[in-house]
Number of protein chains: 2
Amino acid sequence: MPKRVDHDERRAEIGRALVRVAARRGLHAVGMRDVAAEAGISLRLVQYYFRTKENLLLHGLQQLTEEFGERVTARVRSAGENPGPRAVVEALLTTALPTDEESRAFHLVLTSYALLAVTDEALAAQPYLQRPDAAEDAVTGLLEQAREAGLLAPDTDARTEAITLLALAAGLGTSVLTGQRTPDSATEVLRHQLNRIFRRTQSS
Amino acid sequence: MPKRVDHDERRAEIGRALVRVAARRGLHAVGMRDVAAEAGISLRLVQYYFRTKENLLLHGLQQLTEEFGERVTARVRSAGENPGPRAVVEALLTTALPTDEESRAFHLVLTSYALLAVTDEALAAQPYLQRPDAAEDAVTGLLEQAREAGLLAPDTDARTEAITLLALAAGLGTSVLTGQRTPDSATEVLRHQLNRIFRRTQSS
DNA sequence: GTTTTCGTGATACGAACGTACCACGTTGGT
DNA sequence: ACCAACGTGGTACGTTCGTATCACGAAAAC
C-alpha cells in the first residue's frame with residue numbers, strides 16, 4: 001500500500017510525536033522506538049525520514065521554535081486590530097508562560113533543548129538558539145515607541161526594561177513548569193511589572 | 001590496603017565527581033562508569049557507596065542544594081557585619097547568577113535537576129525541590145523590613161516584588177548559562193531593578 | 001510491459017548501560 | 001589468635017539503544 005507520501009508532512013508528524021513523548025517522559029529519555037510507537041509507525045520509518053537520531057532531535061528543535069514564533073504572532077494578532085504597545089508586549093510575554101497542558105509540554109521541551117545545548121555542541125550550533133535576541137530587540141523597540149508616545153516615564157531605559165521583562169517571563173515560566181507557581185499567579189506578577197513600566201494604560 | 005573509611009566523606013567525594021562530569025557532558029549523559037573514572041575509583045565502589053544509580057542522583061541533588069544554601073549564607077555574611085536589607089537581598093539574588101566557572105557548573109546541574117524533576121516522579125518527591133519557597137519568604141520578609149525602615153515606597157507589595165526578583169534572577173541565570181548574556185550584564189540588570197525598589201541606598 | 005525507484009516491514013548487530021556475582025586481602029572484635 | 005565484617009577489584013549478564021541489513025510489494029518512468 002505504499003502510495004506517494006509528503007516527506008515534509010511526515011517529518012512534521014513524527015516531530016509532533018517526538019514532542020509529545022518528550023513532554024511525558026523527558027527529552028533525555030526519548031528513544032527512536034518511543035517516537036515510532038507514539039506516531040503509530042515502525043522504527044524503520046523514523047529511520048527512513050530522519051536518518052539519525054541527531055537529525056530527529058535537530059528537526060524537533062527547529063519545529064518547536066517555528067511553532068513558538070507562530071504562537072507569538074497569533075497571540076499578538078488576537079490582541080486586537082490596532083493594539084497599543086502595552087497590549088503587544090503583554091501578548092508577547094504571556095506566550096512564554098505555560099498556561100494549558102499543550103503550552104506546558106511545549107515549554108518543557110523547549111527549555112530542555114536550551115539546557116541540552118549548553119553541553120551539546122551540535123545543538124548549540126543551531127541558529128534557532130543562536131538568535132534568541134530578536135525578542136529582546138522587538139520588546140526594546142516597542143518600549144521606545146511607547147516612551148515616545150508618552151506612555152512611559154521619559155527617563156526609562158528601554159533595553160534594560162526589555163531584558164528585565166523577558167528574563168522575568170522566562171523565570172516565571174520555569175517556576176510554573178516546576179509547579180512552584182500557578183499560571184494565574186505568574187500572569188499577575190507579570191502584569192504588575194507591566195503596570196509599573198506603563199504608568200497609564202489605555203485598554204485591555 | 002582497605003583502611004576504615006568515612007562513608008559520608010566518600011559519598012560526598014563521589015557526589016562532587018558526579019557534578020563535575022554532569023557539568024561537562026550534561027546530567028542526562030552521566031553514567032556510573034563516568035563518575036567512577038572522574039573520582040579515580042572503580043565502578044564497583046560507586047555501586048558500593050550508592051547501591052543504585054537513582055540513589056546516586058538523589059544524593060547528588062541533596063548535596064547540591066545543601067551547597068547552595070551554604071553559598072547563600074556565605075555570600076550574605078560577606079556582605080558586611082551589619083548589612084542593610086538591600087545588601088542582604090542583593091547578596092541572596094546574585095548567588096543565583098553563574099559568574100565563575102564553578103558556579104556556572106553548579107547552576108547548570110541544579111537547573112538540569114529541576115527540569116528533570118518535572119517528568120521524574122522519584123526526583124519530584126525529594127523535599128529539596130518541594131520547598132524552594134523558603135527563598136521567597138526570606139526575601140519577602142527582608143523587603144517588609146526595609147519598607148518599615150522607610151527604604152521602600154510605602155505602598156510596595158513586598159511579596160510580589162520578592163517573587164519578581166527571584167524569578168528575574170532565575171531567568172537571568174539561565175540566560176547567562178546559555179550564553180545569551182554576560183554575567184556582568186545580568187548583574188547590572190538585577191541591580192537596576194533593586195535600585196528601583198530601594199529608592200535610597202545606604203552603602204555597599 | 002518492463003524496469004527502476006520508493007515506502008515499508010522485520011530483524012540483526014555491536015556498543016553501552018545498570019546491576020549482580022564472586023573472590024580476596026585487610027581490619028576490628030573478642 | 002581466630003573469625004566475622006569491611007573495602008575493593010574484576011568480570012559477567014541481561015537489557016536497551018542507535019544503526020545497519022535484507023527483503024518485498026507497489027507505484028512511477030520509459
Side-chain angles (χ1 to χ4, degrees), chain A residues 1-61 109 112-113 116 119-123, chain B residues 1-61 109 112-113 116 119-123:
Chain A
M1 56 178 81
K3 285 188 179 177
R4 220 34 162 265
V5 107
D6 183 351
H7 276 220
D8 286 339
E9 170 52 29
R10 202 69 129 138
R11 269 195 269 263
E13 193 178 325
I14 298 176
R16 283 189 290 270
L18 162 68
V19 172
R20 281 198 300 274
V21 60
R24 204 179 323 128
R25 299 217 272 270
L27 186 59
H28 67 286
V30 173
M32 316 209 77
R33 286 167 176 85
D34 304 289
V35 177
E38 177 74 24
I41 59 180
S42 75
L43 166 63
R44 178 66 180 87
L45 288 196
V46 180
Q47 285 188 259
Y48 183 72
Y49 291 104
F50 306 92
R51 298 196 329 96
T52 157
K53 184 184 183 181
E54 183 177 353
N55 256 296
L56 172 60
L57 289 177
L58 256 41
H59 180 89
L61 172 59
V109 181
S112 300
Y113 267 115
L116 209 59
T119 47
D120 187 317
E121 56 181 45
L123 222 52
Chain B
M1 54 179 80
K3 284 188 179 177
R4 221 35 161 269
V5 108
D6 184 351
H7 276 220
D8 287 338
E9 170 52 31
R10 201 69 130 142
R11 269 196 269 263
E13 193 179 327
I14 298 176
R16 284 190 289 270
L18 162 68
V19 171
R20 281 199 301 273
V21 60
R24 205 181 320 130
R25 298 218 273 271
L27 186 59
H28 67 284
V30 174
M32 316 208 76
R33 286 168 175 85
D34 303 288
V35 176
E38 176 74 25
I41 58 179
S42 75
L43 166 63
R44 178 66 179 88
L45 287 197
V46 181
Q47 286 188 260
Y48 182 73
Y49 291 103
F50 306 92
R51 298 198 327 95
T52 157
K53 184 185 183 182
E54 183 177 352
N55 255 299
L56 173 59
L57 289 178
L58 255 41
H59 180 89
L61 172 59
V109 181
S112 300
Y113 267 116
L116 209 59
T119 48
D120 187 318
E121 56 181 43
L123 223 51

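Note: hydrogens, waters and symmetry copies are ignored here, and every other heavy atom, side chains too, is used.
- Less than 4.0 Å separates DNA chain D from at least one heavy atom of each of the following residues of residues 7-26 of chain B: His7(B), Arg10(B).
- Rounded to a whole Å, the CG atom of Asp6(A) is 18 Å from the P atom of dA27(D).
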Side-chain polar contacts of residues 25-38 of chain A - donor-acceptor pairs under 3.5 angstrom, sequence neighbours left out - could you list them?
| from | atom 1 | to | atom 2 | distance (Å) |
| --- | --- | --- | --- | --- |
| Arg25(A) | NH2 | Asp34(A) | OD1 | 2.7 |
| Asp34(A) | OD2 | Gly31(A) | N | 2.9 |
| Glu38(A) | OE1 | Arg24(A) | NH2 | 2.6 |
| Glu38(A) | OE2 | Arg20(A) | NE | 2.7 |
| Glu38(A) | OE2 | Arg24(A) | NH2 | 3.3 |

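- Put simply, OH on Tyr48(B) and CD1 on Ile41(B) are 12.5 Å apart, with the number rounded to the nearest 0.5 Å.
- Rounded to the nearest 0.5 Å, atoms CD (Glu54(A)) and CG (Leu56(A)) are 10.5 Å apart.
- Within 4.0 Å (heavy atoms only), Val30(B) reaches sugar-phosphate atoms of the nucleic acid but no base atom.
- Within residues 42-61 of chain B, the residues approached by DNA chain D to less than 4.0 Å at the level of any non-hydrogen atom are Ser42(B), Arg44(B), Leu45(B), Tyr48(B), Tyr49(B), in residue-number order.
- By the 6.0 Å contact criterion, CD on Glu121(A) is open, its count of non-hydrogen atoms from other residues, nucleotides or ligands being 12 or less.
- Taking OH from Tyr113(B) and CG from Leu58(B), the interatomic distance works out to 7.5 Å, rounded to the nearest 0.5 Å.
- Atoms CG and CG, from Leu57(B) and Leu116(B) in turn, are 7.5 Å apart once rounded to the nearest 0.5 Å.
- Interatomic distance, Tyr49(B) OH to His7(B) NE2, rounded to the nearest 0.5 Å: 4.5 Å.
- For the pair Ile41(A) CD1 and dG9(C) C1', the interatomic distance rounds to 12 Å; values are reported in whole Å.
- In this structure, the side chains of Ile14(A) and His59(A) stay at 4.5 Å or more apart for every pair of heavy atoms.
- Going from atom CE of Met32(B) over to atom C1' of dC13(D) covers 17 Å, rounded to whole Å.
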